[in-house]
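Structure, as structure tokens:
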Protein chains: 2
Amino acid sequence: MASGNSNFLSGVPELMILRLVQDQEMYGYEIVQAIQAQSRGQLSFGEGVVYPVLHGLEKDGALKSQRREVGGRSRVYYSLTSRGVRRLFDLTDSWTATTQAIQAVLKGGSALRTV
Amino acid sequence: MASGNSNFLSGVPELMILRLVQDQEMYGYEIVQAIQAQSRGQLSFGEGVVYPVLHGLEKDGALKSQRREVGGRSRVYYSLTSRGVRRLFDLTDSWTATTQAIQAVLKGGSALRTV
DNA sequence: ATGGATACCTTGTAGTCCAAGGCATGTAAA
DNA sequence: TTTACATGCCTTGGACTACAAGGTATCCAT
């Protein structure tokens with residue numbers, strides 16, 4: 001049910017996916033639900049968001065995939081490559097820096113009052 | 001000079017603008033520089049970003065404008081309407097909730113380990 | 001046998017940032 | 001004087017991205 005992801009989410013799916021796959025290899029459908037669960041329903045990226053990002057990351061060499069049959073189900077498991085690890089670090093840094101910068105502006109002109 | 005705003009910025013210009021104009025009425029060109037200054041160069045939204053957002057917000061009734069001549073310069077000053085105040089509050093809440101949700105996922109499956 | 005969950009996928013649309021350009025005025029340097 | 005730069009407004013075109021919607025297929029429970 002959870003939906004209505006109002007904005008502020010550009011680039012976030014990629015970051016979330018890389019982070020989740022860092023802990024353990026996962027498949028697309030699982031990732032969709034993990035994001036909902038771990039964000040307590042706040043975030044909800046549909047399969048139309050997740051699958052294209054997975055394919056893009058694999059194409060860029062940040063993820064590697066492995067198709068596997070589990071209980072009569074065909075799943076595509078993804079895991080991080082060394083390149084993906086680097087990418088995750090970079091994105092995390094970028095995320096931190098960006099949110100801090102935004103916070104600085106939200107807080108007010110403290111940077112100006114330093115005069 | 002400052003540029004290279006890598007991602008994570010969808011909807012952020014609108015939030016920044018509303019927040020800045022909350023403190024004092026400002027004009028477009030001034031806003032462009034204020035964002036750079038207050039974020040210490042981390043954020044940099046060009047005029048091609050700021051002006052359309054200003055026009056959109058005014059069209060939505062969140063901002064009201066007033067053209068004024070200052071030192072032979074023609075400036076368009078923007079200030080918040082009551083609707084803009086409401087919008088700023090909503091966006092700020094949304095921003096906070098979203099970043100916290102993202103943080104929760106970044107931190108790890110603590111939500112799952114609660115089992 | 002019907003529906004729902006699982007599991008993969010693609011298409012089209014809409015929204016947003018952004019670089020690049022264009023116009024006009026003031027001021028300072030050359 | 002003319003050249004350049006900062007100020008100040010604006011729009012256009014492209015590119016990216018989230019998202020809804022739809023499509024296929026299997027399994028399980030009703």
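Just so we're on the same page: letters track the sequence lines, and every chain starts at 1. Since this is a predicted model, take the numbers as computed values, not measurements.
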Sugar-phosphate, base or nothing in reach of E30(B), heavy atoms under 4.0 Å: nothing

dT10(C) OP1/OP2 closer than 4.0 Å to side-chain N/O of H55(A): yes

Nearest-angstrom distance from the residue atom CD of E47(A) to C1' of dT11(C): 15 Å

Contacting residues from residues 65-76 of chain A, given that a heavy atom lies under 4.0 angstrom of DNA chain D: G72(A), R73(A)

Between C1' of dA18(D) and CE of M16(A), the distance in whole Å: 15 Å

Residue-phosphate contact under 4.0 Å: N7(A) side-chain N/O, dT16(C) OP1/OP2: yes

L63(B) side chain reached by L80(B) side chain, heavy atoms, under 4.5 Å: yes

Which nucleotide in dC17(C), dC10(D), dC9(C) has an atom nearest any side-chain atom of Y78(B): dC10(D)

Side-chain donor or acceptor of S65(A) paired with backbone N/O of V76(A) under 3.5 Å: no

Touch class at under 4.0 angstrom, heavy-atom based, for E14(A) against every strand present: nothing

Length of the CZ-C1' vector between F45(B) and dT16(C), whole Å: 11 Å

Value in whole Å for how far the C1' atom of dC16(D) lies from CG of D60(A): 14 Å

Residues, nucleotides or ligands: over 12 heavy atoms within 6.0 Å of R68(B) CZ: yes

Sugar-phosphate, base or nothing in reach of G28(A), heavy atoms under 4.0 Å: sugar-phosphate

Short side-chain N/O contact to dT6(C) OP1/OP2 from Q33(A), under 4.0 Å: yes

Protein-nucleotide distance (L15(B), atom CG; dG15(C), atom C1'), rounded to Å: 17 Å

Atom pair distance, as rounded to whole Å: OH in Y77(B) and C1' in dT7(D): 12 Å

Phosphate contact (dC8(C) OP1 or OP2) by Y27(A) side-chain N/O below 4.0 Å: no

Within-4.5 Å side-chain heavy-atom neighbours: Q103(A) and W95(B): yes

Any V21(B) side-chain heavy atom under 4.5 Å of I31(B) side chain: yes

F8(B) side chain reached by I102(B) side chain, heavy atoms, under 4.5 Å: no

Side chain to side chain contact (heavy atoms under 4.5 Å, CB included) between D90(B) and R87(B), worked out: CA-CA 5 Å; D90(B) 290 348; R87(B) 190 166 180 81; 5.7 Å; no

Length of the line joining L91(B):CG and dT16(C):C1', which is rounded to integer Å: 14 Å

For atom OH of Y51(B) and atom P of dC18(C), their distance in whole Å: 16 Å

N/O (side chain, Y29(A)) to phosphate O (OP1/OP2, dC8(C)) under 4.0 Å: no

